[in-house]
Amino acid sequence: MHIPDGFLSPQTFLPAAALAVPAWMYAVRRVAAQLDEQTIPRLAVLTALAFVLTTVMIPLPGGTSGHLLGVGLLALAFGIWPAFLAYSLVLLLQALLFGAGGITSLPVNALIMGLLGAALAVGLHGLLRRWHAATAQVVAVWLSVLLSATAMALVLGAQPLLATDDAGRPLFFPFTAAVTVPAIVLPHLLIGLGEGLLTWMILRMAGPRRSGAMP
Amino acid sequence: MRWLGLLVVLGLCSPGVLAHDIQYRVQAGQALVVELDFPYGDPPIYESYEVFRPEESVAFQVGRTDGLGRVTLVPDRPGDWRLRVTTDDGHGLELTLAVDAQAQLEEVHGPGLPRLAAVLAGVGYLLGLGGLLLFWRHRHRAGS
């Protein structure tokens, strides 16, 4: 659900950049202070895995497609700030290598998928894990994907209200939230569930070595 | 009454009565046909697109991709024509088609590398960056 360049108005991506830049700076300081020789290779490998997951396109009913995000996996394995930083890198590579997402839309994509997605996954997992550890991982990732998708749909759906030409035609993304919310959120009901299950399986295989989480 | 009938017949035959019709001509010629597909192979059918003439920001052509996921375009001037395809779930593509004075395609500028190459490149960059970080951390620790 990366937003490409040209879909967002400056009224959207400029404030997002103003929020994202300090968030990235804070994340770099925070992560640099906590990374060690054991965590770095695992972070690199799981970031590469998240990158690969975002490239696997899944055909969905209705002629569209979706892909896993991988941010929940990074968040539950390493915590919010490393996940945000690593996922921002994934989004940057996606934009540069595939043209999926974009440079002007990078702050919005990173804030919604990277920061909000990671924070939701970690927060929900924290709330649910006393109930049942494995189910908590699946449900936390599923809900984080779903809520991130909802936020993305609302940002896209707001574009026709934010920037129009003299005739009232949208200058950027043309569809309103009435179209984007069902179009984006409904497929992510399935995608999020798949991602939750995959995250649980990967973390289960990673075993106790994942204990280097940095919330 | 006979005069009234004649007046109606004359009125129906006058060009003014046909003023709201659309006249047509059919020309067989050359067009640029942009074929689109999703990474898993299916075409994006009936998805919205806009085409912009060189240096123009108001769309020259808008519509939906056809039943085979294609956009057909007949450029009327040389320069860089932009095609923007938008799906309602937020996916999209922007291409620049460089067209010469004979309306022939010279070059296409689109996003990205071939998919497999891009995946391998991305994985390589990320693992390489991890290696660099590890090296930096090791030296940092050794120096302190």
Side-chain angles (χ1 to χ4, degrees), chain A residues 1-7 32 35-37 39-45 47-52 54-60 62-67 86 89-90 93-100 102 149 152-153 155-157 165 167 169 171 173-175 179-180 182-187, chain B residues 37-50 52 57-59 62 65 67 69 82-95 109-142:
Chain A
M1 58 178 169
H2 321 67
I3 301 177
D5 276 334
F7 280 25
L35 280 181
D36 58 30
E37 282 90 343
T39 319
I40 291 170
R42 276 184 277 148
L43 181 59
V45 167
T47 306
L49 179 61
F51 173 78
V52 172
T54 61
T55 65
V56 179
M57 303 303 289
I58 305 160
L60 293 168
T64 186
S65 67
H67 56 82
L89 202 57
V90 168
L93 285 174
Q94 284 271 336
L96 295 177
L97 297 174
F98 293 101
M152 197 67 90
V155 168
L156 272 172
D165 64 12
R169 288 178 299 230
L171 287 171
F173 189 75
F175 303 111
V179 174
T180 58
I184 295 176
V185 175
L186 291 178
Chain B
D37 48 48
F38 288 117
Y40 53 85
D42 281 357
I45 60 172
Y46 312 131
E47 298 288 4
S48 300
Y49 74 82
E50 295 170 292
F52 298 86
S57 58
V58 176
V62 296
T65 56
R82 280 190 304 125
L83 164 66
R84 187 161 72 187
V85 183
T86 314
T87 68
D88 55 8
D89 61 353
H91 289 105
L93 168 76
E94 190 157 325
L95 285 179
H109 298 287
L113 295 168
R115 198 157 184 84
L116 182 61
V119 172
L120 293 175
V123 170
Y125 287 136
L126 289 168
L127 294 180
L129 187 63
L132 284 175
L133 269 175
L134 201 58
F135 181 67
W136 167 79
R137 172 58 74 187
H138 188 69
R139 286 195 60 167
H140 189 70
R141 285 270 162 85

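Chain letters run A, B, ... following the sequence lines, proteins first, then strands; residues in each count from 1. Just so you know, these numbers come straight off a predicted model, no measurement behind them.
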Engaged part of A/P182 at the chain B interface, taking heavy atoms whose separation is under 4.5 Å |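 Neither part.
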For A/L171, is it the side chain, the backbone, both, or neither that has a heavy atom closer than 4.5 Å to a heavy atom of chain B?
->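 Backbone only.
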Quick check: closest heavy atoms across [X] and [Y], and the distance to 0.1 Å?
{"X": "B/G92", "Y": "A/F7", "value": "CA-CZ, 3.6 Å"}
{"X": "B/L126", "Y": "A/A44", "value": "O-CB, 4.0 Å"}
{"X": "B/V123", "Y": "A/F51", "value": "N-CE2, 3.8 Å"}

Quick one: what part of B/S57 sits under 4.5 Å from any heavy atom of chain A, side chain, backbone, both or neither?
->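 Contact with chain A involves no heavy atom of B/S57 at all.
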Among A/L49, A/V52, A/L89, A/V90, who wins on heavy-atom pairs under 4.5 Å with chain B?
->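 Heavy-atom pairs under 4.5 Å are most numerous for A/L89.
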Any chance you could measure B/L133, atom CG, to A/T39, atom OG1, to the nearest 0.5 Å?
->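 Between atom CG of B/L133 and atom OG1 of A/T39 there are 11.0 Å.
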Nearest 0.5 Å, what's the CG-CG distance between A/L43 and B/L134?
->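 Interatomic distance, A/L43 CG to B/L134 CG, rounded to 0.5 Å: 11.0 Å.
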Heavy atoms only, distances under 4.5 angstrom: which of B/L129, B/L93, B/V58, B/L127 has the most pairs with chain A? Name it, please.
->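 The option with the most such pairs is B/L127.
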By side-chain contact (heavy atoms from CB on, under 4.5 Å), which residues pair with B/E50, not counting sequence neighbours?
->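 B/E50 satisfies side-chain contact (heavy atoms from CB on, under 4.5 Å) with B/F52, B/A59, B/V62, B/R84 once adjacent residues are dropped.
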With sequence neighbours excluded, residues passing side-chain contact (heavy atoms from CB on, under 4.5 Å) with B/Y125 =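 Only A/L93, A/L97, B/A121 meet the side-chain contact (heavy atoms from CB on, under 4.5 Å) criterion with B/Y125.
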Has B/H138 got more than 12 heavy atoms of other residues, nucleotides or ligands less than 6.0 Å from its NE2?
->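 No - once you tally the heavy atoms of other residues, nucleotides and ligands closer than 6.0 Å, there are 12 at most.
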